[in-house]
Amino acid sequence: MFNSPEVVIDSIPPKQYGEAIFDFRVSDVQAGLSDSVRLVIENRLGYGYELRTVNFVTEVPSSETGLEATYPNPSNPSTTIRYSLQEKGLVALIIYDVLGRRVRTLVSGEMGSGSHSIVWDGMDDHGKIVASGVYFVRLVARSKGGVKQFTSKILMLK
């Protein structure tokens, strides 16, 4: 949730341009909640206009933890990895090569329950494009219910 319903940017000189980047996260709310956030620019005199309304729906918790099929697979140059978590916990989602070497860590940290997805852009942790071949994505989820591990194969083609 927002700490404040309003954020003030000091000033932009007349006939000048300014840039602002807003990042927000919806958390600790009921699953399946549907709501929106309005972004409005207003001058000191109260004149303004709506930039954008962002609609969101909080995810419904999943009935089980698992790793779904990647899409597309074979991939070139990117693939979407979908997974679900039955309950909140620590998650690691890591890409390995056929020799078992870690190629890229996509997720590492606490995540809420529900369905999630992330795009692997075919690059390693150093920003280099990986070679064509077979890779494995491994999901490790640690929660109150224990540790669950899943592995899926990805074929990267160039």
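- V91 approaches M111 most closely through the heavy-atom pair CG2-CB, 4.1 Å.
- A single hydrophobic cluster is not seen to contain both V103 and M123; linkage of ILVMFWY side chains at heavy-atom distances under 4.5 Å, directly or through other members, places them apart.
- For the atom pair Y135 OH and S75 OG, the distance stands at 9.5 Å (nearest 0.5 Å).
- The two atoms that bring L90 and E110 nearest to each other are CD2-N, 3.9 Å, heavy atoms only.
- Remark: M156 CE to T79 OG1 distance equals 7.0 Å, nearest 0.5 Å.
- No more than 12 heavy-atom neighbours from other residues, nucleotides or ligands sit within 6.0 angstrom of CD1 on I129.
- Not counting sequence neighbours, the partners of D121 by the salt bridge (Lys or Arg N to Asp or Glu O under 4.0 Å) test are R104.
- Rounding to the nearest 0.5 Å places OG of S115 at 9.5 Å from CZ of R82.
- Side-chain contact check for K148 versus R142: every heavy-atom pair is 4.5 Å or farther apart.
- Atom-to-atom distance recorded for T70:OG1 and Y83:OH is 14.0 Å, nearest 0.5 angstrom.
- No continuous path of hydrophobic side-chain contacts links I118 to Y71 [ILVMFWY only; heavy atoms under 4.5 Å].
- In the hydrophobic cluster analysis, where Ile, Leu, Val, Met, Phe, Trp and Tyr join through side-chain heavy atoms closer than 4.5 angstrom, V134 is grouped together with L157.
- Residues L106 and I94 are not in side-chain contact: their nearest non-hydrogen atoms beyond the backbone lie 4.5 Å or more apart.
- Of the possible polar contacts, one joining the T65 side chain to the Q86 backbone as a donor-acceptor pair under 3.5 Å is found.
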Test side-chain hydrogen bond (donor to acceptor under 3.5 Å, both in side chains) applied to E87 and S143, step by step
CA-CA 7 Å; E87 57 186 323; S143 65; 3.0 Å; yes
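- For R138, the side chain to side chain contact (heavy atoms under 4.5 Å, CB included) partners at least two apart in sequence or on another chain are Y96, V140, Q149, T151.
- The existence of a salt bridge linking D97 and R101 is confirmed by a sub-4.0 Å separation between a basic side-chain nitrogen and an acidic carboxylate oxygen.
- To the nearest 0.5 Å, the span separating CD1 on I154 from CH2 on W120 amounts to 5.5 Å.
- Within the 4.5 Å cutoff, the side chain of L155 has heavy atoms near those of the N73 side chain.
- Closest approach of D124 to V130, counting heavy atoms only: N-CG1, 4.0 Å.
- When every heavy atom of G112 is checked against every heavy atom of L85, the shortest pair comes out as O-CD1, 3.5 Å.
- Residue S152 holds its OG atom at 8.0 Å from CD1 of I81, rounded to the nearest 0.5 Å.
- Side-chain contact between L67 and L93 is present, with at least one heavy-atom pair separated by less than 4.5 Å.
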